[in-house]
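Heavy-atom basis, side chains included; hydrogens, waters and symmetry copies ignored. Naming: A, B, ... by sequence-line order, numbering from 1 per chain.
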2 protein chains.
Amino acid sequence: MFSPLYRQIKELMMRALGAGEWAPGTSIPSESELAIRFGVSQGTVRKAIDEMAAENLLVRRQGKGTFVASHNDPRSFYRFLRLTPDDGSARQTRSEPLSCRMVAATDTVARVLQLQVGDPVILVERLLRFDGEPVVYDEIFLSAEQFQGLTLDLLKESERSLYSVFESEFGMRMIRAEERLRAVGAEGRACELLAVPEGSPLLLVERVTYTYGDKPVEWRRGCYATGNYHYFNELS
Amino acid sequence: MFSPLYRQIKELMMRALGAGEWAPGTSIPSESELAIRFGVSQGTVRKAIDEMAAENLLVRRQGKGTFVASHNDPRSFYRFLRLTPDDGSARQTRSEPLSCRMVAATDTVARVLQLQVGDPVILVERLLRFDGEPVVYDEIFLSAEQFQGLTLDLLKESERSLYSVFESEFGMRMIRAEERLRAVGAEGRACELLAVPEGSPLLLVERVTYTYGDKPVEWRRGCYATGNYHYFNELS
DNA sequence: AAGTGGTCTAGACCACTCG
DNA sequence: GAGTGGTCTAGACCACTTA
């Protein structure tokens with residue numbers, strides 16, 4: 001199987017990232033240093049970095065260096081949240097964790113997170129508010145093994161996004177996600193928390209989030225109240 | 001305002017595309033020919049093409065050449081349709097045009113398509129079926145000026161996608177779109193055509209589609225029945 | 001064999017940041 | 001001014017397609 005040099009370099013760099021050699025938010029070695037380290041020309045390293053930058057794994061800053069993308073960076077606090085106010089105005093987004101407990105993996109959760117049915121899983125409930133208004137109710141499932149010690153208090157302490165906490169406290173970096181959307185009728189907790197009548201239409205967003213090596217580490221079921229907000233997507 | 005050479009080349013090539021110098025589905029000149037034509041090195045042309053290929057405007061095929069992306073290509077018949085069966089199986093997708101008539105632009109349509117309120121607009125109604133099952137009901141608004149002569153018969157004749165007809169018959173190439181999604185209760189025609197009860201949740205997808213030069217040429221309101229299907233999106 | 005895009009190199013110079 | 005990423009070049013060679 002033929003693989004060009006720059007992809008092999010990329011693979012090596014991905015492993016370095018996965019192994020934590022370069023921490024989120026910090027700069028990686030300069031292109032010329034990497035070229036020497038890997039024994040290739042600078043242009044080849046550059047092409048590897050190009051691809052990783054296109055995938056939002058690295059961020060280039062001219063004159064300063066190349067940095068490992070981080071959910072701690074305010075610029076990417078809610079990087080995966082595609083919900084936007086209809087009028088386009090900026091809102092203050094705040095995450096309100098409601099509960100955090102251990103449950104047994106159901107069929108779906110086990111399949112998605114590559115666990116056995118009944119394996120311990122952490123379930124986090126949380127509410128997302130835009131300017132105080134409750135807009136998203138999330139149920140978040142995490143493999144217990146990798147998030148040992150996660151508590152409601154820990155989540156509440158932080159003013160940052162969830163992924164930011166996962167990154168800082170558990171060394172777990174979320175790099176990619178898949179979302180599946182459908183319209184459903186409101187029921188149960190979502191009704192109360194989002195203050196909408198039973199049966200009223202909600203946008204159900206199911207998300208699988210992956211870390212390095214395409215390993216799924218989070219499954220999320222979010223109910224979005226799309227009265228004054230919409231899910232935005234660009235196609236090309 | 002500084003702009004690197006390869007972006008200027010890209011701009012020239014975009015104009016050539018917009019002017020119809022290179023038709024969809026055909027190959028553009030080779031990199032070396034373009035390098036001579038624009039008086040730059042091959043590497044610079046290459047970088048311009050790289051960006052355009054990343055935006056799905058061009059398609060490279062090693063050994064053959066670089067081709068202008070086309071909606072006539074079966075590989076991109078429903079390029080912008082993100083609805084997928086829950087079980088992942090392939091379905092036969094068929095577009096069933098229902099009506100095609102002239103209407104006056106409402107506020108929203110005028111704003112989105114950059115027209116005056118009351119300007120003539122073509123409204124197409126159509127149903128999308130997956131393996132015969134009605135799944136999407138679309139209302140499609142097109143600036144009448146640019147789609148003169150569009151008739152229901154013309155749409156019915158074609159076994160291809162709408163954008164394919166637009167491209168072949170009107171020289172209008174859809175290259176990019178923005179979608180805004182929300183959950184709504186079913187009402188009116190959508191109820192009957194999708195065979196769902198009044199008020200049942202539907203995914204409302206509003207799409208603005210652009211041609212070269214970021215010119216909006218289509219506004220679409222689609223009601224998606226997401227009982228056995230979901231809207232799929234990748235985040236990174 | 002000829003022509004296309006794809007990779008890789010080495011070197012020059014530009015734009016930006018920071019001390 | 002020194003160091004970083006960003007651009008541009010020229011040339012060599014590889015991989016793929018077609019005839």
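Between B:Arg60 and B:Asp50 there is a salt bridge, since a side-chain N of the basic residue sits under 4.0 Å from a carboxylate O of the acidic one.
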Q.
Apply salt bridge (charged side-chain N to carboxylate O under 4.0 Å, His left out) to residues B:Arg180 and B:Glu206 and explain how you reach the verdict.
A. CA-CA 5 Å; B:Arg180 292 174 175 80; B:Glu206 293 180 325; over 6 Å; no
(Q) Determine whether A:Asp87 and A:Ser89 satisfy the following criterion, side chain to side chain donor-acceptor pair (under 3.5 Å), listing intermediate values before the conclusion. (A) CA-CA 6 Å; A:Asp87 60 15; A:Ser89 66; 2.8 Å; yes
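Under the salt bridge (Lys or Arg N to Asp or Glu O under 4.0 Å) rule, A:Arg221 has a single partner from A:Glu139, A:Glu125, A:Glu179, which is A:Glu139.
Each ring pair (Phe, Tyr, Trp, His ring centres under 6.0 Å) pair with one or both residues in residues 43-76 of chain A, not counting sequence neighbours, appears once here: A:His71-A:Phe80, A:His71-A:Tyr163. Among residues at least two apart or in separate chains, there is no ring pair (Phe, Tyr, Trp, His ring centres under 6.0 Å) pair with a member in residues 15-57 of chain A.
Within 6.0 Å of CD in A:Glu234 there are more than 12 heavy atoms belonging to other residues, nucleotides or ligands. Enclosure of atom CZ in B:Arg61 by more than 12 non-hydrogen atoms of other residues, nucleotides or ligands within 6.0 angstrom is indicated. Under a cut-off of 6.0 angstrom, the local environment of CD in B:Glu145 is sparse, with at most 12 non-hydrogen atoms contributed by other residues, nucleotides or ligands. Within a 6.0 Å sphere centred on CD of A:Glu55, heavy atoms belonging to other residues, nucleotides or ligands number more than 12.
Axis angle across the helix from C:dA1-D:dT18 to C:dC18-D:dG1, with five pairs used at each end and values rounded to 10°: 10°.
Of the residues in residues 28-52 of chain B, B:Val40, B:Ser41, B:Thr44, B:Lys47 come within less than 4.0 Å of DNA chain D through at least one heavy atom, sorted by number. For the segment residues 54-70 of chain A, the set of residues with a heavy atom within less than 4.0 Å of an atom of DNA chain C comprises A:Gln62, A:Gly63, A:Lys64, in numerical order.
There is a side-chain donor-acceptor pair under 3.5 Å between B:Asn72 and B:Glu167.
Counting 5' to 3', DNA chain C first comes under 4.0 angstrom of a heavy atom of chain A and last does so at the ends given by C:dT7 to C:dC18.
In this structure, A:Arg91 forms no cation-pi arrangement with A:Phe130, as its terminal cationic atom is not both closer than 6.0 Å to the ring centre and no more than 45° off the ring axis.
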